[in-house]
Protein chains: 2
Amino acid sequence: MTTAPARPTAYADATVAVAVDVVPLALHEGAVHAAVVRVEHGVARSRLAFPGGRVRENESLDDAASRWLDGTLPGSRAHVEQLYTFGEPGRDPASRVVSVAYLALLPRALPSDGVLWVPCEPAPRLAYDHRTILHTALERLRAKLAYTNLAWALLDESFTLGELQQVYETVLGLALDRRNFRKRILALGLLKPLGTTRGGAHRPAQLYRFATRRPITVGVLPDRE
Amino acid sequence: MTTAPARPTAYADATVAVAVDVVPLALHEGAVHAAVVRVEHGVARSRLAFPGGRVRENESLDDAASRWLDGTLPGSRAHVEQLYTFGEPGRDPASRVVSVAYLALLPRALPSDGVLWVPCEPAPRLAYDHRTILHTALERLRAKLAYTNLAWALLDESFTLGELQQVYETVLGLALDRRNFRKRILALGLLKPLGTTRGGAHRPAQLYRFATRRPITVGVLPDRE
DNA sequence: GCAAAAGTGTTAGTGATACACCCATGA
DNA sequence: TCATGGGTGTATCACTAACACTTTTGC
């Protein structure tokens, strides 16, 4: 083969379909949870799977992901990013479907009709190859938490340092020293103290917000602690 | 929307096609180069683009990428990994094509019929959205070089520390202190000295190889130097 | 007053940086 | 002998890790 291939032009190939699947994750009761729904049709009927489906002809992949997320968890503020594309023949036994998976991070596991929030560990049984997709999503989350400020996506706009620390501890499954965590995270200069406090059952905590809620790449974590 | 959608079953949606595009990168004359080919058909005819095309019904995405790479640069040993999926409507003016882009790293810019190796900077003019794809590929390469041992994919099996250092310097566009680079890279324990040397025009250099040529995540670089 | 989380500083150690000189070879 | 890249050690600095006690509140 020595020449460039033809690009697709007028004809269409009816054998490979394109879908998106959205992996909505949120922290709940000290553990990472994922939102799943029951499959309605086909051989996987009534099994659990991530929300998703066909991409429309005139929508982008990102738009399709947002549409499926909003259809499942309406009105939720979420950070959505493309995760990976899964396209093994046979991953959907009924037909050839290439699925572009998206990761959606939410500050709360909001209840919604027909939606189940399940803990990610131990890994739940899911339809199709969605367990693999979940695994990929968790890997991505852990990796990005360690070198970006992505934690804002798993928190409300304002939060205490204790809550922020819990995000890291929960997702990464490790315990962090409170004093060193505060020093490091404040030294990054990404947080703004709000001047207000939140009263719980105990001593009230200072509230903070992220100065920017867009992805920034910085080392947020120690190598080990 | 409160319930799970139907998965695709018997019918097919002829409106969205799936392709792969492969971004082959190699170092050449002190700069990152990419392999491109000329588009043969359609409105982009004779413009430069990355090799790629439709995914066959019974092949995986990875297999499709390997097929297109091998069709363009036969017999090359390459590291191939999925990069990102591009699916804006209108990215191919002729029809709706969702393209799964792949990154291919090669130890040499091997010449091949119909293939042009072009420097990545300044960014070349390319058909479709391939300039965006190239940009994404370079970002990925730089990021992974900094926190993995991926450099092996851009080198022959055996190499000198000087050559290894050049990979980092070329890709990341910075100068590294030789002594510190050697200390750091050897301290990682990923390299095996071969005991042999390579004679160039000057003092012969010790040859090394990577103990493992699979992706490993380690900090390979200083923050800045 | 007691339980529970918030808040705070110092020290020791490790790892990163900066830096200069000699060596081996081919031309 | 000269030009070119290969090879080596040390001192300083910055950052990280380890660590314990006091404060504030609700009950």
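Below, chains carry the letters A, B, ... as their sequence lines are ordered, and counting in each starts from 1.
Considering only residues two or more places apart in sequence or on other chains, A:E59 meets the salt bridge (Lys or Arg N to Asp or Glu O under 4.0 Å) condition with A:R67.
Look at CG on B:L174: it is 16 Å from P on C:dA16, rounded to the nearest Å. Here the P atom of nucleotide D:dG7 and the CG atom of B:L207 are 9 Å apart, to the nearest Å. A straight line from CZ of B:R182 to P of C:dA18 spans 19 Å, rounded to a whole angstrom. Straight-line distance from the CZ atom of A:F181 to the C1' atom of C:dT8: 16 Å, rounded to whole Å. Atom CZ in A:R184 sits about 19 Å away from atom P in D:dA14, given to the nearest Å. Separating the CD atom of B:E163 from the P atom of D:dG7 is a distance of 11 Å, rounded to the nearest angstrom. The CD1 atom of A:I185 sits 15 Å away from the C1' atom of D:dT16 (whole-angstrom rounding). With rounding to whole Å, B:R198 atom CZ is found 15 Å from D:dG5 atom P.
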How does protein reach along nucleotides 19-27 of chain D, written 5' to 3' as B (base within reach of a heavy atom under 4.0 Å), S (only sugar-phosphate), or - (no contact)?
BB--BBBS-

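Applying the side chain to side chain donor-acceptor pair (under 3.5 Å) test to every pair with at least one member in residues 191-207 of chain B, sequence neighbours left out, gives these pairs: B:E163-B:R198.
Contact of the A:T148 side chain with the A:I216 side chain is not registered, since no non-hydrogen atoms from C-beta on lie closer than 4.5 Å.
Nearest heavy-atom pair, A:L190 versus A:N149, reported as atom, atom and distance to 0.1 Å: CD1-CB, 3.8 Å.
With A:E157 contributing its side chain and A:R209 its backbone, the two residues share no donor-acceptor pair below 3.5 Å.
Ring orientation note: the planes of B:H33 and B:H28 are nearly perpendicular, at an angle over 60° on the 30°/60° scale.
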